[in-house]
Protein chains: 2
Amino acid sequence: MSEDRHELALGMILQLVVVLNEDMTKSLERDGLTNSRAPVVWFLGQNGPMTQKELATAVGVSARNITGLVDALEATGFVARGPHPTDRRATLVSLTALGDKTARAMDRDKAELAELLFTGIPERKLDAFVDVLGEVLGRINRELERLKEAG
Amino acid sequence: MSEDRHELALGMILQLVVVLNEDMTKSLERDGLTNSRAPVVWFLGQNGPMTQKELATAVGVSARNITGLVDALEATGFVARGPHPTDRRATLVSLTALGDKTARAMDRDKAELAELLFTGIPERKLDAFVDVLGEVLGRINRELERLKEAG
DNA sequence: TATTGTTATACTCTATAACTATA
DNA sequence: TATAGTTATAGAGTATAACAATA
């Protein structure tokens with residue numbers, strides 16, 4: 001039955017989600033970060049200094065929550081708050097030297113993980129893999145859209 | 001460069017993790033469950049009544065935490081605590097009618113998700129997909145083992 | 001002595017709502 | 001009026017440590 005093959009494939013994806021999450025959490029812990037704080041450092045590393053409002057939108061959390069995350073990252077030395085050049089209501093959050101070093105380490109870790117996972121996989125198979133992954137991503141995104149509209 | 005292809009593939013996997021998590025969280029919310037409580041219901045559905053100790057091990061949380069999760073599931077009507085037949089220290093946790101119904105709905109939802117994701121994908125591609133996924137899972141599991149030994 | 005589960009305590013992440021300072 | 005960020009408050013999930021009841 002093809003249903004069994006489909007459930008097998010989904011089961012493997014779910015397993016991958018679990019172990020990948022475990023692996024990345026361990027890696028972040030070594031850097032002194034948590035799953036919630038890491039994206040803040042990462043976005044700042046990609047886009048440079050941002051207001052808390054922009055960070056909240058990028059990371060997808062509430063204003064209250066970004067205050068807490070930036071508090072924690074400031075207390076542990078990853079980011080610094082500074083004045084916004086034109087808007088005196090806003091705070092500009094930027095990476096410290098430690099934060100910048102950590103952001104670059106995250107980039108490096110991601111590249112290393114990609115190598116660990118895929119080095120030596122035949123190109124033909126990798127093509128099919130990426131192809132199926134793209135299709136699956138599209139389907140689940142459409143499903144999420146549908147759910148959002150339905151409420 | 002093959003490095004770019006590898007990073008592309010990893011990026012897609014990470015995206016999949018995000019949207020899959022979003023989709024499943026929404027589905028659990030509809031059932032009145034959370035990401036942390038759902039595995040408790042699921043394990044009870046798969047294995048029948050268990051002690052809290054067994055549940056804690058299965059789910060991978062502390063004794064303190066399983067007390068809290070079972071408290072919450074009991075308060076919301078998914079599980080019931082009962083005496084252990086032979087060990088008077090232990091509590092036997094079992095699904096209520098609602099819990100059982102929900103566990104079976106979770107099974108059904110998983111099967112439906114598998115169909116949504118994979119129906120119509122050519123068998124040849126699905127083979128390659130599962131093949132690569134298996135290899136990737138093996139690699140990351142070995143990496144986790146290595147990290148565990150290293151401490 | 002060892003184990004099962006609870007209480008005590010504390011930290012992280014999350015949200016909504018009220019408020020202050022600015023635009 | 002509207003927006004950026006903080007304080008107030010609350011709830012979920014997580015952990016370690018001390019403790020009671022039982023093995």
Side-chain angles (χ1 to χ4, degrees), chain A residues 18 21-22 24-44 47 49-94, chain B residues 18 21-22 24-26 28-44 49-94:
Chain A
V18 171
N21 185 56
E22 216 175 304
M24 291 191 303
T25 301
K26 283 219 168 78
S27 168
L28 292 175
E29 262 172 21
R30 275 198 308 276
D31 291 338
L33 288 175
T34 66
N35 283 319
S36 300
R37 293 172 200 176
V40 176
V41 173
W42 194 80
F43 276 112
L44 288 172
N47 306 318
M50 303 169 73
T51 65
Q52 294 191 185
K53 171 70 176 178
E54 288 168 330
L55 272 176
T57 303
V59 176
V61 301
S62 66
R64 172 64 189 90
N65 203 357
I66 205 67
T67 295
L69 294 173
V70 171
D71 281 352
L73 286 167
E74 200 177 28
T76 48
F78 289 91
V79 309
R81 282 182 167 105
H84 190 280
T86 63
D87 187 339
R88 288 199 305 175
R89 292 170 307 177
T91 306
L92 207 56
V93 184
S94 44
Chain B
V18 171
N21 185 55
E22 215 174 307
M24 290 191 303
T25 300
K26 283 221 168 77
L28 291 175
E29 262 171 22
R30 274 198 308 275
D31 290 339
L33 289 174
T34 66
N35 282 320
S36 301
R37 294 173 198 176
V40 176
V41 172
W42 194 80
F43 276 113
L44 288 172
M50 302 170 73
T51 65
Q52 293 192 184
K53 171 70 176 175
E54 288 167 330
L55 272 177
T57 304
V59 176
V61 300
S62 67
R64 173 63 188 93
N65 204 356
I66 205 67
T67 295
L69 294 174
V70 172
D71 281 353
L73 287 167
E74 201 178 27
T76 47
F78 289 92
V79 308
R81 283 180 165 107
H84 190 280
T86 64
D87 187 339
R88 288 200 303 176
R89 290 171 308 181
T91 307
L92 207 56
V93 184
S94 44

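So that the names make sense, note that chain A is the first sequence line, chain B the second, and so on, each numbered from 1. Keep in mind it's a predicted model, so treat the numbers as computed, not measured.
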Rounded distance in Å - [atom1] ([X]) to [atom2] ([N]):
| X | N | atom1 | atom2 | result |
| --- | --- | --- | --- | --- |
| Leu28(A) | dT12(C) | CG | P | 16 Å |
| Asp71(A) | dC13(C) | CG | C1' | 13 Å |
| Leu92(B) | dG5(C) | CG | C1' | 14 Å |
| Arg81(B) | dG5(C) | CZ | P | 9 Å |

Fill in: Close residues, residues 34-42 of chain A, relative to DNA chain C [heavy-atom separation under 4.0 Å]
Thr34(A), Ser36(A), Arg37(A)

Worksheet item: Which of residues 55-67 of chain B sit near DNA chain C, with a heavy atom under 4.0 Å from it?
Response: Ala63(B), Arg64(B), Thr67(B)

Show me the side-chain donor-acceptor pairs of residues 57-66 of chain A shorter than 3.5 Å, one per line, residues at least two apart or across chains.
from: Thr57(A); atom 1: OG1; to: Lys53(A); atom 2: O; distance (Å): 3.1
from: Ser62(A); atom 1: OG; to: Asn65(A); atom 2: N; distance (Å): 3.2

So, for [X] and [Y], which heavy atoms are closest and what is the spacing to 0.1 Å?
| X | Y | result |
| --- | --- | --- |
| Leu33(A) | Ala38(A) | CD1-CA, 4.1 Å |
| Val93(A) | Gln52(A) | CG2-CG, 3.7 Å |
| Leu55(B) | Phe43(B) | CD2-CB, 4.4 Å |
| Leu92(A) | Pro49(A) | CG-CB, 4.0 Å |

Response to the item:
Taking for Gly68(A) and for Glu54(B) the nucleotide of DNA chain C with the nearest heavy atom, the one nearer the 5' end belongs to Glu54(B)

Discussion item. So, using side chain to side chain contact (heavy atoms under 4.5 Å, CB included) as the criterion, who are the partners of Glu29(B) when residues are at least two apart?
Written reply: Thr25(B)

Worksheet item: What residues, two or more places apart in sequence or in another chain, satisfy side-chain hydrogen bond (donor to acceptor under 3.5 Å, both in side chains) together with Arg89(B)?
Response: Asp87(B)

Discussion item. Closer than 4.0 angstrom, basic N to acidic O: yes or no for Arg81(A) and Asp71(A)?
Written reply: yes

Fill in: Base dT3(C) paired with Arg89(B) side chain (donor-acceptor, <3.5 Å)
yes

Discussion item. Using the rule side chain to side chain contact (heavy atoms under 4.5 Å, CB included), only one of Leu73(A), Val79(A), Val70(A) pairs with Arg37(A); which is it?
Written reply: Leu73(A)

Worksheet entry | 5' to 3' contact window, DNA chain D with chain B (heavy-atom distance under 4.0 Å) | dA12(D) to dA23(D)

Worksheet item: Is there side-chain contact between Leu69(A) and Ser36(A), with at least one heavy-atom pair below 4.5 Å?
Response: yes

